[in-house]
Colleague: 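The structure's right below; bear with me while I get my questions together.
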Amino acid sequence: MFTMLKRLAALLIGATVTALAKAAAPDDAAIDALIGQMTTAEKAGQLTLVAAVYEHEPSDRERARGEPTAMQRQLDEIRRGRIGAVFNGIGAAWARQLQRAAVEQSRTKIPVLISVDAIHGFRTIFPVPLAEAASFDPALAERVARATAVEATAAGVAWNLAPNVDIARDARWGRGVEGAGEDVHLAQVMAAARVRGYQKNGHLGDADAMLATPKHFAGYGAAEGGLDYNVAELSERTLHQVYLPPFKAAFDAGAGAVMAGFHEIGGIPSMIHHRLLTGLLRDQWRWDGIVVSDYAADHELIEHGVARDDRDAARRAFMAGVDVSMTSRLYQQYLPDLVASGEVPMARLDQAVRRVLRTKRNLGLFDAPYARMDVARERAQTRTASTRALAREAAQRAIVMLRNQNGLLPLAPTTSTRIALIGPMAGGPADLNGPWTVFDDRHDAVSVETGLREAMTDPTRLSVTRGSDIEVPIAGGIEAAVAAAQQADVVVLAIGESESMSGEAQSRTDIVVPAAQQALAEAVKATGKPIVVLLRTGRALALSGAVRDADAILVTWFLGAETGHAIADLLFGKVAPSGRLPVSFPQAAGQVPYYYAHKNTGRPPPPGPMREYTARYRDLTAAPLYPFGHGLGYARVDYGATQIDGSDQLAWDGELSVSARLHNTGTRPVDEVVQLYLHDRIASVTRPVRELRDFQRVTLAPGEQRTVSFRLRRDALTFVGEALRTIAEPGEFDVWIAPSATGGTPTRFTLLGP
Ligand code: BGC
């Protein structure tokens, strides 16, 4: 009797599941009905994200024992409903095998979700996110994210583990390269743009859209000492004022997933931070996407010292609000038992599964599970001419010109100028793409040497000398470099960090140009030849000596596939530099964490009222070497004083117009990033000396004068008040329209009470 009942139940389940598989996008009720038919093991499977494996020749052992290969085992796990998502695997043909196992051979027929880390491009590599932020161009970031999604989705991907929206104010931290830098406003607009691009601005169900995952929630960038994975000692106010807004911006733009981090925030690991993961995300923000763990971060709760064992770790992370577990398989292993024992309520399990299934539905996976696994589309839409053109444009706009003494740049490609290209970053395929390029082909990227050669009318006038390795001198290198410099009219010194010097677990104690390259720069400088430094880096560096004093400096970050072309475009003036620093460049490593939006303190350094006993180091002024927002073009732009148009009183619900007159004093067009900063003069809590609240890119023709205006409303004046709520307070504000965080002439206005 019992067996008969069971068989009948199985038939019924089979019928329900088949019906669901046939249905177009299941509605919420159909999803709930499906959940009602799933076993706890199948539910735990939907909450399990594992690393991809590929088909390979069976090992000797597998062959001898007739065992299945790793790929066969993975397919079998999908068939048995034990895996709901797979990451960092690609290829339409590969993905179709997984999807077939899920939707044709598993009992529940639930599609599998394929995810990747496409941090700055998929096959076509774009500039690293920090470089892209230097463009101060969210529309560009959105186009890049869109192009990334088109390539990735053609290869089966439906879920991107990006963007990284961590604010990074300590240049020692290696992962600053993955985000948008130090500023809250810039990070917000870039986060939103990237989410829109990945998710096709609300058309997530389209076959070329993929789910976005802002990460790492929250405060990961505040790692003490800039040491990756370290404790973030954050006040609630700073967490809410600085680190959370980019996440909120990403959610407001529609982000459907978020990733918890490896770190702890003041004693509570991110992975069990119930107040953030559930209190803030769900109860306060009413956000209903998926919370995914970082790589085995649930298991790491044991090392953190907050879980006895894996079972305990799974329970704590899951109950705090982490819906999906990455790679550890702890949910697969322990959730069924935790539910059976009553330690995890079935309702919580169903809630997490519901989120995953709704997400799969929203992605269109139930309707058309193979839509993103189209071999022909993959062939047609990978590394196309238009994505390469976009990579070149993005790289051009990411470059920041810090200095250009005596108008050394642009160089003339047609004259008889002899160029000595010197340095470990001069040629070869290495270190062009930067960290976090899981799917690149480094030979696809154009080196500086190639870019220059292609642009020069007489490439024989280019000599290329390595001079030094990245971190160690090479025998005779300096002598060869000096000889090359002596033969040339101008030296282009291509130096900086290797791509392995930034990124995950790549924190540095000393944020300088490696000593071997500094020595190379000093020797070349001694020749007296004019020097253009091309600075490749994933972070702000403290520049010194011959590098700091070079005639021209271009920060080129890691620019990706079109590195050499974009650099040549700028060097020879085909395009003018227009990037701006998304991070302050300090004078010395000992100043970090260093950021422009700091507090005044009770004893601000000169030009404050006191001369001594002020908040300054005895051996340095407090000023940056180059401020946030700084960047030059090929013509000087003068800024008139900031003006209030009309009354200088802003009504509580009113609007104020602020403007400044800009003048392109040069003979070339300029792409100017006009920045609006505010300072709240007296508030109930201390406020930064300046904060970026808006910016505009404007193009000024040679000699053009133009008034640039911004509209200000109360929402630009809000802050996290004493009670940790966002408020505005009537009172006086300084406002600057400026070319950087230290420029401009301010004016003052008053916000009137309600
Ligand atoms: C990183 C994540 C990434 C994951 C999967 C982790 O080490 O912290 O940002 O998404 O690996 O590649």
Side-chain angles (χ1 to χ4, degrees), residues 48-54 83-90 113-122 128-130 145 148 152 155 157-168 173-180 187 191 194-195 198 210-223 226-232 243 246-247 250 255-265 269-271 273 289-301 303-304 317 322-331 433-440 499-500 502-507 538:
T48 297
L49 166 65
V50 301
V53 292
Y54 293 94
I83 294 175
V86 169
F87 84 100
N88 282 349
I90 43 154
L113 191 51
I114 299 196
S115 75
V116 295
D117 287 271
I119 307 297
H120 52 113
F122 183 66
V128 289
L130 185 65
T148 303
V157 171
W159 182 9
N160 196 12
L161 304 178
N164 183 324
V165 304
D166 297 320
I167 299 277
W173 191 54
R175 298 196 78 170
V177 69
E178 292 174 47
R194 288 168 180 158
V195 168
Y198 294 142
M210 60 185 179
L211 188 70
T213 314
K215 63 188 187 183
H216 306 79
F217 195 68
Y220 184 43
L227 179 66
D228 210 1
Y229 314 122
N230 204 10
V231 174
Y243 290 88
F247 285 96
V258 72
M259 190 185 292
F262 290 125
H263 62 302
E264 69 160 77
I265 307 121
S270 156
M271 286 287 296
H273 212 299
I290 307 173
V291 177
V292 62
S293 80
D294 205 338
Y295 197 104
D298 43 6
H299 168 73
E300 291 175 13
L301 293 171
E303 290 291 347
H304 275 287
V322 177
D323 299 310
V324 173
S325 163
M326 190 200 293
T327 65
S328 68
R329 292 172 179 269
L330 295 195
Y331 285 11
N433 285 341
W436 275 114
T437 50
V438 187
F439 311 100
D440 66 330
E499 61 188 19
S500 63
S502 57
E504 187 175 341
Q506 305 307 329
S507 296

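Both counts, for ligands and for their atoms, begin at 1 and track the order of listing. The figures here come from the full heavy-atom set of this structure, side chains too, leaving out hydrogens, waters and symmetry mates.
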Colleague: Can you report which non-hydrogen protein atom sits closest to atom 3 (C) of ligand 1, along with the distance?
Modeller: D117 OD1, 3.2 Å
Colleague: Scan side-chain atoms only and decide if S293 and D298 contain a donor-acceptor pair under the 3.5 Å cut-off.
Modeller: no
Colleague: Is ligand 1 less than 4.0 angstrom away from at least one heavy atom of W436?
Modeller: yes
Colleague: N/O to N/O below 3.5 Å, does that happen between Y295 and ligand 1?
Modeller: no
Colleague: Ignoring angles and geometry beyond distance, decide whether D294 reaches within less than 3.5 Å of ligand 1 through its nitrogen or oxygen atoms.
Modeller: yes
Colleague: Distance only, no hydrogens: is a donor on one side chain within 3.5 Å (strictly under) of an acceptor on the other, for D166 and H216?
Modeller: yes
Colleague: For ligand 1, which atoms have a heavy atom of M259 less than 4.0 angstrom away?
Modeller: 2 (C), 10 (O)
Colleague: Return the closest protein heavy atom for atom 7 (O) of ligand 1 as residue, atom name and distance.
Modeller: E504 OE1, 2.7 Å
Colleague: Tell me which part of R175 gets within contact of ligand 1: side chain, backbone, both or neither, using heavy atoms under 4.0 Å.
Modeller: side chain
Colleague: Decide whether D228 and W173 meet the rule of one side-chain donor and one side-chain acceptor closer than 3.5 Å.
Modeller: yes
Colleague: Give the atoms of ligand 1, by number and element, whose distance to some non-hydrogen atom of H216 is under 4.0 Å.
Modeller: 2 (C), 8 (O), 9 (O)
Colleague: What distance separates L49 CG from L113 CG, expressed to the nearest 0.5 Å?
Modeller: 8.0 Å
Colleague: Go through ligand 1 atom by atom and flag the ones less than 4.0 Å from a non-hydrogen atom of F87.
Modeller: 5 (C), 12 (O)
Colleague: Against heavy atoms of K215, which atoms of ligand 1 measure under 4.0 Å?
Modeller: 2 (C), 3 (C), 9 (O), 10 (O)
Colleague: Answer yes or no: does atom OH of Y229 have more than 12 heavy-atom neighbours from other residues, nucleotides or ligands under 6.0 Å?
Modeller: yes
Colleague: Using 0.5 Å steps for rounding, measure from the CG atom of N164 to the CD atom of E504.
Modeller: 10.0 Å
Colleague: Check whether any side-chain heavy atom of S115 lies under 4.5 Å from a side-chain heavy atom of N160, and answer yes or no.
Modeller: no
